[in-house]
Amino acid sequence: MENFSELIKKRRSTRKFTDEELSQDEVVALLKAALMSPSSKRTNCWQFVVVDDKEMLERLSHCKAHGAEFLGGAPLAIVVLGDPLVSDVWIEDTAIASLMIQLQAEDLGLGSCWIQVRERYTEDETPADEVVRELLDIPLQMQVLSIVAVGHKAAERKPFNEDNLLWEKVHINKYGAQ
Ligand SMILES: Cc1cc2nc3c(=O)[nH]c(=O)nc-3n(C[C@H](O)[C@H](O)[C@H](O)COP(=O)(O)O)c2cc1C
């Protein structure tokens, strides 16, 4: 367990992974983090599809026009689904779960990257979630928010530099007051 302040500084999106597979313990840890995510009214509207099949990862990497290519080189992906019939805030719940997976990945020394699926399209305007739904046999009522790619980092990225934080985004007591 890293110090949390250090962990959030170190977490940068990783899109290049080594060939090393994840251990079963690592995968279980990622899923535990997902399943412990906060959810509105504890409705747990999310579900997760774990993909480690190379051919499937390659196919998923074409689910949208840009920004998913690197999935073909990742050892693992967790597809994050939400059920709008279970929760009206499924987007928030699934977004939090996606980030929980990323933070757990970082804590394990792994790299990760969020791949947006909701509201994204292929070159020919097919919704990315339709592509993913078809590939993974996802039931119609479930929505696909994201795919989180996880693996061993091929290279470390620079951590956040606290000197560059956007403090002007923060307002004290009233908007505009800093
Ligand atoms: C909602 C959301 C959607 C994102 N979608 C993608 C994506 O489709 N492909 C990708 O490569 N990165 C994606 N990212 C990662 C961002 O590009 C990345 O977080 C941002 O550039 C900041 O870099 P950092 O994570 O290293 O701090 C997404 C991140 C978020 C939060």
Side-chain angles (χ1 to χ4, degrees), residues 2-18 30 33-34 37-40 45-51 56-84 87-136 138 142-170:
E2 289 205 43
N3 170 309
F4 187 73
S5 310
E6 287 306 311
L7 186 146
I8 55 175
K9 252 194 259 179
K10 268 180 66 188
R11 187 225 50 85
R12 303 296 316 279
S13 294
T14 299
R15 299 180 180 87
K16 280 206 172 112
F17 304 100
T18 68
L30 294 171
S37 299
S39 83
S40 171
C45 72
W46 19 245
Q47 295 198 34
F48 307 94
V49 183
V50 183
V51 182
M56 185 57 84
L57 289 164
E58 171 59 28
R59 286 195 199 172
L60 287 168
S61 76
H62 302 289
C63 71
K64 60 177 185 169
H66 309 286
E69 305 84 353
F70 63 92
L71 194 50
L76 188 96
I78 300 179
V79 183
V80 182
L81 315 174
D83 188 339
S87 176
D88 56 349
V89 291
W90 69 272
I91 297 175
E92 290 84 345
D93 283 0
T94 48
I96 291 167
S98 303
L99 184 64
M100 288 283 278
I101 294 167
Q102 289 201 273
L103 293 177
Q104 179 61 78
E106 186 60 49
D107 194 48
L108 293 166
L110 301 168
S112 71
C113 190
W114 177 318
I115 295 169
Q116 182 69 19
V117 174
R118 192 183 72 85
E119 294 295 334
R120 295 292 179 265
Y121 299 86
T122 61
E123 294 283 7
D124 68 5
E125 301 291 312
T126 307
D129 67 326
E130 265 182 34
V131 180
V132 176
R133 179 187 306 288
E134 200 156 301
L135 284 171
L136 301 177
I138 295 165
M142 299 299 298
Q143 300 293 315
V144 186
L145 180 92
S146 69
I147 302 174
V148 182
V150 186
H152 291 269
K153 302 174 190 179
E156 275 299 330
R157 290 191 57 197
K158 264 194 180 168
F160 276 97
N161 179 348
E162 288 197 38
D163 294 338
N164 298 335
L165 293 181
L166 305 174
W167 287 105
E168 66 275 19
K169 302 266 185 194
V170 180

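Start at 1 and go down the list; that is how both ligands and their atoms are numbered.
By the neighbour-count criterion of 12 heavy atoms within 6.0 Å, atom CD of Glu134 is sparsely surrounded, having that number or fewer from other residues, nucleotides or ligands. Enclosure of atom CD in Glu92 by more than 12 non-hydrogen atoms of other residues, nucleotides or ligands within 6.0 angstrom is indicated.
Under the 4.0 Å criterion applied to side-chain N and carboxylate O atoms, Lys64 and Glu119 are not assigned as salt-bridge partners.
Here the closest heavy-atom approach between residue Ser98 and residue Thr94 is recorded as OG-O, 2.8 Å. Shortest non-hydrogen contact noted between Val89 and Ser40 is CG2-CB, 3.3 Å.
Arg133 places a side-chain N or O within donor-acceptor distance of the main-chain N or O of Met142, the cut-off being under 3.5 Å.
The 4.0 Å heavy-atom shell around ligand 1 contains residues Arg11, Arg12, Ser13, Arg15, Lys64, Gly67, Phe70, Cys113, Trp114, Ile115, Gln116, Arg157, Phe160, ordered by chain and number.
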